[in-house]
Structures are given as structure tokens and as C-alpha cells.
Amino acid sequence: MIEPIERSIDLRKIEEDVQKFWEDKKIYEKQKEKIKNGKKYYFLDGPPYASGSIHLGTAWNKIIKDTILRFLALNGYNVRRQAGWDTHGLPIEVKVEKELGITNKREIEEKIGVENFVKACKDFAMRHVEIMTRQFKRLGAWFDWDNPYMTLTDEYIESAWWTIKRAYEKGLLVKDFRVITTCPRCETALADAEIEYKNVVDPSIYVKFKLADRENEYIVIWTTTPWTLIANLAISVHPEIEYAKVETKEGKLILAKDLVNIVKEKFGLDYKIVEVFKGRELEGLRYEHPLKDFINIKPKSKKAYTVILADFVTLGEGTGCVHTAPGHGPEDFEVCRKYGIEAICPVDERGVFTEEAGKYAGLRVKHDDDVIIEDLKKVGALLHRGTIEHRYGHCWRCKTPIIYRATEQWFIKITELKDKMLKEIERVEWIPEWAGSARFRDWIKNAKDWTISRQRFWGIPLPIWICESCGAIEVLSSKKELEEKSGTKIEELHRPYVDKALLKCKCGGVMRRVKDVLDVWFDSGVAAWASLNYPSKSEEFERWYPVDFITEGHDQTRGWFYSQLGCGLIALDEVPYRRVLMHGFTLDEKGEKMSKSLGNVIAPEEVIERYGADVLRFYVLWANKPWEDLKFNWKEVDVVNKMFTVLWNVFVFATTYMSLDKFDPLKHGFDIKSYSFPSDDYLIEDRWILSRINSIIKEVTKDLNSLQLQRATRKLYDFILEDLSRWYITLIRPRTWIEHEAKEKTSAYKALYETLSKLLVLLSPIVPHITEYLYQKFLKPFTGKESIHLENWIKEDRSKINKELEEDMVIVRELIEAVSSAREKARIKRRWPVRKIVLKTKDERVKKAVENLKELIKRQANTLSFEVVEEFGKKKLLPNMSALGREFRAKAKELAKMIENLGEEYAKRLEEGYEVEIAGERIRKEHVKIVEELPENIVSESFSYGTVYIDTEKDEEILSLGYAREIVRRIQEMRKELDLNIEAYIEARIEVDREIAKYIMSQKEYISRETRAKVLEIGEVEHKGYKKEWKIGNVKAIISIEEIKP
RNA sequence: GGGCCCGUGGCGCAGCUGGUUAGCGCGCUCGCCUGAUAAGCGAGAGGUCGGGGGUUCGAACCCCCCCGGGCCCA
């Protein structure tokens, strides 16, 4: 039987209880068992980085995933939803360094020891996996939490190794000397994805370089990185740009003609252009390095210290003559290679100048820029010194400005895969479409080779062994292979353990592992097969691959979407996923990024603490489109919370009455599979709500299938508030008060029961806790299933959908609104009935609709009669003075008077477009205003489908009914003040003046019935029990009531 | 400088493939209701749909240019 639920809702308590229930009864495992024979659906969790606690963005991410997967599971898909964790990499190393109180690599190696450091990193990661798992679980997210994939396990590492081996076999893995971005603090190479651009102030200097073979002539360059001047080996100019030689007291200066004004503006020098020529004429000119006496750089190439030509030179900033240091810039490196100028990099990985830098050896790049600038000044080469604010790359974890250095690194030749990548992404379904076709495509087009080596400790070791004597390379792909070939037992596949393994080369030499570890982006890039332990085991892979669905934030375009694509092409020659939902970022109310430094971070726990996880879940799915950024807003969360209160109240209402009446759905043929009653002779509004809920099922199902989560939640929101609470419940309330067994009451119960049952299932993937709770109370006694999450998704009952009726109701609801508005104008309360309401319309659809729902209209409009007409009131003409005046001048006044006195037939003729002759003038429609003349007691209000007219006259009957309802309401309030049971009987006594008493006397029966008064005395009474004085309008009434004890 | 997204009443957002007087919530003003009630409902005020061109019978929606914001890249 249905039991009434508690009056007030405590979502947080409910959620904790429900989660405990799931745990105790192993509901998640039971669902998994239930769907295990369904169609496979491989969802791959983008592994969160295990280094902190979850924030709103990660919570949103998991909520989206959970909702979609719950929906699919209810639909019978065998959903694979293993949680994943990203556990390697610099961010963890940086945090562990902090915990250990150290600041650089040397200390790790010398003070702590690599083994202890790696152990600490592992411990750190595992600790955070645990913390974050707990936080995710509190959201109600259902994943395989006990069996996650983690990038730090040997099995996982083997899959990554295998992928590297594949790259090697395909010739995509290369070692190369190139300019890459380095973090001098972390002392390692960084990938593009690990660089964050920020606005900073840097020096901006202009330097003149003396031409070797010319007297007093200089080329002028500009730079924001003075420290790179040490390694300057060339000056680039554009072959087609025009350059000018200008005469100044500092000598003859050469720079781009269009930029010569800086000579005056920046250097403060008067100048005269003495010669103009194309850049190509400068090629091959030798110059002297201004600091040549201080540095120790000895380039081999004869082309070093000459002017070279390059297309990348622009006139945007600087002088058009570009300082070129092949050891410190990718473009510099490329252009110098063409000229055979080798890169020299007098800077080590800590950002400290080496011996090659001569007197600068031991100084720190950037930090000691001033020393270099001072020297330039001393040698007379500095023309101008200023500062500039510009964007510069920083290490995304430690925020140190990056430097460019030429070093040897390992690369994946993405540039060779690019065309295939572009083709492969077309096979993927992107939501929204532009995430793939525009954004991702653009990123891939600009992709460069992928630097995968990192000079660090906590990561997947590069599985590359190189022979010390002959340089032969061997790439391994499993622990077993490594142990066999090396004859060494390996504890685990991390540094320093793997480094113990030495291989024997064919040449007899010893092979050692390359010291580097892998870029973490590579770790997660292999997740599609690594989480299935492929290729060491293949059955899981055979069963699940490829990935059916992933969803991550738009930052992952350059991250995980990309790394998976790259790794997929290497390992399996294809993109490993089939469908991607790209979601947005969470921002604060002002649309700014949440960050600790701004202090605007909102933790998911904070929201759960105040409202519960279900409110948070519904809110984030409802607030906007998933792929747009979410501006978190407490007020909006509150709005969602209110919806839950209303939903709860609806269930309080339903369970209260159903329980009183011992309503048993099974007795009425409720089918526990389809959640339907057999079609029956329902009342019209019951048929309407059933049509609505079944339409909603159809729409919400479609929206969830197409990942339009915001549409699904918005439809449910509107349905609950508008259709269910504000309209349907209001309509059926009187029926539920009928005390005996009645057909119309049963009809309401059945419709309501079916509606609420189906609604619960629809809501269950979105808000799994409250729906579980209500299911237990409302449905479980009849369905016998243990949990709502062990149910099946429901299909709409097409026979119950009646679009015409739904449209009729739309019209009627607007009509009722118009009536409310008219009542407001006439100051007639809704409690008071009116004699008559008339609807004027010529629209056949409207006529049909109101005919269909006539009784309902009468009830809701509280009118004794209702009529439809095509014409109402008398048409009257008023003169349109501006039109008359313009045309008839002096005669206008006379005409106006006559027009006012014309009869209705003239109005009709004019309205239909005819002309009318008055006083010899032709009067047309535009000369007049046609108005309706209404009797005094009529109030009108127009709405989209017509106009309603209310007769406001209060006759005897109206007065009786009205006063009676006033009395009833007050007695009911008094019952409530006494906290009487709904079923309790009372005695009531009413003392009012004779006039009023006369009216309510005739409604005695009605009043008794409504207030459950066994005794009702009116007039001069002797009060008993609870007595209260009231004012009804201007009239005083004293009422007393007393409970009759059974 | 390039790519993508966004720009609708004070605030937060709908508006599906272009179709009659552009909706909703919050807030504000004024009312109402009360056997779901420490809730709820209605009405009102409030909008050059960022700006300017164009296509179309018709544009918030399509095209072009510009302005502002965000993300990513250079």
C-alpha cells in the first residue's frame, strides 16, 4: 500500500540514505548483472588527474557522464563504465617536491633518491585517487570505482610501451636535435599542451650590429629576450621588403624603410634616408657580434654572422631585421639549417649559461638580462631600452617562463600522420558538430611533431634501449620481454627499477635505457586499449573496442581528444572513439574563470551541503547547453531547488490521498512493465495529463539520445511546474476530496499514478537519489523491483497521446489567464463566482477547443455560465481627428460630431472597407476609430485566441455562493490553526449581520460539507471552542469551531 | 594576426531546420489563493534580439563587415 511521505523534504538526508541503500544492497552490481547481455557500449572515462580534490568542472563532467550512462543502462545497453585515473607526470612531481621540501632535480637525485621520490609520487597519486573517488561517489556517480584503470600499473605501462614500439616499427619514432620549449625550473622539455600563455612585461631593446666590411654601417635589430643574443648567429631579413640606410650621428643604420620613424621616436636621433633597397641585396653581408669579445662561441659554418633571407620576417614589430639564434627559436633553427648554420645553445636545462657563453657562464637566462644589456651599452651597441607587455609561454604547472633550447629529444612524427588524422575525425560524431569540423580540425592542421620525452622521474619510462658501443636501438613492449632479455627481475616498470635492466647488443656492447620518461599526454592517449590491457590480453579488447562515447571539456581538444587520435593512429591505424560530446567550462557568476587566486572557487561539496547532489546534478544539466560555458549562479540553483520542493509537494499530495483511500493500482490493472493502466473512460483533464506525460516521454527520450541534456531537463522542469503542479493538481483537487468510492476520483488517481510513475523513471538518470527514494514509497510495493535503477526505460503509450487535446488545453489555459486578468481589472476575487463569461471568437479551432473543455472552463473561471459568440457589444464610431483634420480642414469638427452619432450599421460598413457619405464627404475607415461599446457591468480582456467578457453583476445567487465560500475558507483556516486532522468533524457557529446571514443560510449544506461541520449554526449563536473575529470585505463575522471527538 | 564559440528586457537563460503582436525564471510593483501550504498562483512595468549593410514576401535565426567577451593557437 502507498504510505504518505514526510511533509518536508531533506534531500541531503535522503541522498545519504539512498547511497547507503545502494551500497548495502549492491544495486550498482545488480544493474551491471542485469544489462550484461545487452548490446555493448564502451564508454571511456577521461581520466581526471589525481592531484587534488574535485572542483565544479570535474563534477559537471562526471554528472554528464553518469546521466547519459544511467540512461543507456536503463535502455538495456551493456555499458562499460570503468573509472580512470591519470597518475603520472610533472604536476604530481611538483607537489611532491613541495611536500618533501625540495626545489629542484638535483635534490631529488642526490638528497632524496629517485626510488624514494617515485615511491612518494605513487603514494601521493593513490591518496588522491581515494579522496577524489569519495567525492565523485557523493555525486551519485555510478562507475566501476573498485576497479579503475590507472596509468601507473605495470599492465597499463605495457600497453603504452607497445604503442611506442608500434611507432618505432612504423618509423614514426625519431630522435632529433630540435628547438623545444623547456621549463628551466622543472628541467625538462614541455609539450605545446603544457604551455600556458600569460601577459608579462619583458625588456624591449634595439641593438645595432656593425657590418664587418663597411665603414660605420650597422644593421638594427629588436628583441624581447636579450639573453638569446649570446647565441645569435645570423640576422634575417625579408627578400622583398624595402630597407633603408639612414644617416645619423650614431652611424649609418639599416632597417625596414616603413619603420624608419623609430629612429627618431625611439632612439631620439635625427636621420636622413640615404639609400633604399630590397632585403635580398643584404644577403651574405658579414657583421660583428657586439659581444664577440665576451663570448666563447665558435660556429663552424662560414655563413655564421651573416645576413640571411627568411619569409617569416614581418613589419609588425621591431625593425624588419630579425635577430636569429638557431639554438633558441624554432623558426631560427629552420632557417639556419637551410644556410647550414648549426644551432649553438650555450644554456643548460636549468637555464644557466654554459662555458660557451664566456663571461656570462653561470648566469641565469632572463634573470640576468641586465648584465647583457649593460654590456651592450658599454660597447655602444644599445640604441634603445624599454619594456613591452606581451604574451609569453609559461610552464602550466610551476608557472615559470619557458625558454627555447635546441636539444636532443624523442618525437612522434605527427606531421606524417596529419592527413590521415583529418580523414579519421570525419568518422566521429561530434556534439556540437563544430567541435570536430572546425575547432579540432583547425588544431590538427597546425599540429607539429610531438615531443614525447621528458627528463623527469615520475612517468612511464621510455622503453628504448640504446647500445653504448654501436648505437643500436631496441624498443621493448612488456615486462616479461624485459626480464627475459635482461635476465634481471624488475620490481615494477618505473624508474629507477627499469634502469637496472641492461640488454646485450648484437655487437656485444651493453644497451642502456634512455633516461627519459613519457609525456603524460601519451599515458592517457592509449587508454582505449590500455584500460582493456591490450595487447597483453585480447579478450576484453575483442569484446569492447572501439570506444563508443567520450565526453570532456573543450580544453581537451588539444589534450585528450588529440592524444587519443595520435596514439590510435600509431597503434591501431584509426581514431579509437566514435562519438564525442565536448562540454564547456565552469565560470563564476560574472563569467570569469574560477581560480584560487581570484577566490571565486565554488566546491561541489558546498553546493551539496546546501542543496544536495540531485539539485546540483539537475542544475548543471539544466542551466545551459552542455558545450557552452556554465556560469555558476546560486540563485539559479535555488530555482531548481524550488522545483524539487514542488515535486515533493506533488508526491505529498498524491500519497496523502491515495493512502487515505487505500488506492491500489494493481486492482485497476496497472501494468508494471509499461507503467500504464488500460485505456479507460477517464475524465478529460486526466486524458490530457496522460497525453502530456506520454508526449514528454517521447521528447525526453529523443533529447537524451541526442545528448541535448538541457532540452530534456527544461522540458521536465516545465512539465513538473506548469502541467503537473500548477494545472493538473489544481484541477483534480476537488475530486480527491470526495469521501466515498467514486469513479471520477479513481480516474484522477489512475491518471496521477501513471503520470508520476513514468515521471520518476524519466527523472531517474538525472536525479538518481530522490527518484529512488520516491520509487521505494510509491512504486516498489507494487512492482516488487528492488530499485528504480533496476527498471527499464519506458516507452510512450501512443494510444494516450492526443495532440489535439493538448493544443485545446493550451487555448483554454490562455483563456483562463485572460479571465484572471479581467477579474483583476474588475476587482473580483477568484473565490467569487460570476454570473456569466462570454468568449468572442471566429476561430473554429478555438470554438472546438472550448466546447470540448467547457465544464473545465466553467470550473476554473468560476462562472455560472459560459458562452461563445462571434460578435459582442455594440460597435461605436469615434472620429480620428488627425486624419479628418488633414483632409477636411475646417469641416473636420462638424464631421467629427456627426460620426460620433452614427449607428452600428455604419461602423460595420466602414469596418468592412466600404466608404460612407456624410455631409457630402466620403468617409473611409482611416478617418475613424471603431470601438466596442460595452454595458457598464461588463469587463473585457483580449488574449491570443479572442476576447473574454465578464458579467460583474452580483445577484442574490452570486452573493450567496460568494459569501459561503468566504466563510468556508475562514473555517478551514481555523481548522488548520487548530491543527485538526483532515478527517476530523467539527461544530461551527457563525455570527454575522442579518443581511449576510440570509445569503449564507441558503448555502448551509455546502458549508457543512466543505468544512466537515456536523453542526452549523448561523445568526445569533452561542460560541463554543475556538473563536475568531473576521472581516469579510467591510462586514464583521465571528466564527467559532470545536472538534467533535469521535 | 588566425580558428572556434558567445553577445536576446536590471540579472540568468529559451527561442528546434527563417514564418503572425520575441518567450521563461529571478528581481521589482500590485493583487490572489490556501485540506500539496515555513509553499503556491496571477497580473503589471520592463526588450533598437551588440552595431551596420545585404539576401528574402518575411530574419533574433542565413550572408558580409564592424564592435565587445571567452577559449585555443600564432
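FYI, side chains are in, hydrogens and waters are out, and symmetry mates aren't considered; it's all heavy atoms of this structure. Just so we're clear, the structure is a prediction, and the values are computed from it rather than from any experiment. All chains are named by letter (A, B, ...) in the order of the sequence lines, taking the proteins before the strands, and each is independently numbered beginning at 1.
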From [atom1] of [X] over to [atom2] of [N], roughly how many Å is that when rounded to an integer?
X: A:Glu552; N: B:C71; atom1: CD; atom2: P; answer: 20 Å
X: A:Leu815; N: B:G42; atom1: CG; atom2: P; answer: 15 Å
X: A:Asn862; N: B:C33; atom1: CG; atom2: C1'; answer: 12 Å
X: A:Asn649; N: B:A36; atom1: CG; atom2: P; answer: 9 Å
X: A:His554; N: B:C5; atom1: NE2; atom2: P; answer: 13 Å
X: A:Lys445; N: B:C4; atom1: NZ; atom2: C1'; answer: 12 Å
X: A:Met582; N: B:C72; atom1: CE; atom2: P; answer: 12 Å

Set of residues satisfying ring-ring contact (aromatic ring centres under 6.0 Å, His included) with respect to [X], sequence neighbours excluded:
X: A:His238; value: none
X: A:Phe644; value: A:Phe618
X: A:Phe778; value: A:Phe651, A:Tyr753

For [N], does either OP1 or OP2 sit under 4.0 Å from a side-chain N or O belonging to [X]?
X: A:Arg733; N: B:A36; answer: yes
X: A:Lys631; N: B:G70; answer: no
X: A:Arg831; N: B:U34; answer: yes

The side chain of A:Arg969 lies closest to which of these nucleotides: B:U34, B:C4, B:A36?
B:U34

Distance to the ring centre below 6.0 angstrom and angle to the axis at most 45 degrees; does that hold for [X] and [Y]?
X: A:Arg965; Y: A:Trp832; value: no
X: A:Lys1028; Y: A:Trp1030; value: yes
X: A:Arg711; Y: A:Trp622; value: no

Which nucleotides of nucleotides 14-29 of chain B have their base under 4.0 Å from a protein heavy atom (B), which only their sugar-phosphate (S), and which neither (-), written as one string 5' to 3'?
SSS--------BS---

Please list all pairs meeting salt bridge (Lys or Arg N to Asp or Glu O under 4.0 Å) that have one or both residues in residues 636-645 of chain A, counting only residues at least two apart or in different chains.
none

Under a 4.0 Å N-O cut-off, is there an ion pair linking A:Asp686 with A:Arg735?
yes

Salt bridge check, A:Asp723 against A:Arg813: does any charged N sit closer than 4.0 Å to a carboxylate O?
yes

Mapping A:Asn446 and A:Trp434 to their closest nucleotides on RNA chain B, which lands nearer the 5' end?
A:Trp434

If you write RNA chain B from 5' to 3' in dot-bracket form, with Watson-Crick or G-U pairs under 3.5 Å, [ ] for crossing pairs and | for pairs with another strand, what do you get?
(((((((..((((.....[...)))).(((((.......))))).....(((((..]....)))))))))))).

Any donor-acceptor N/O pair under 3.5 Å between B:A36 base and A:Ser725 side chain
yes

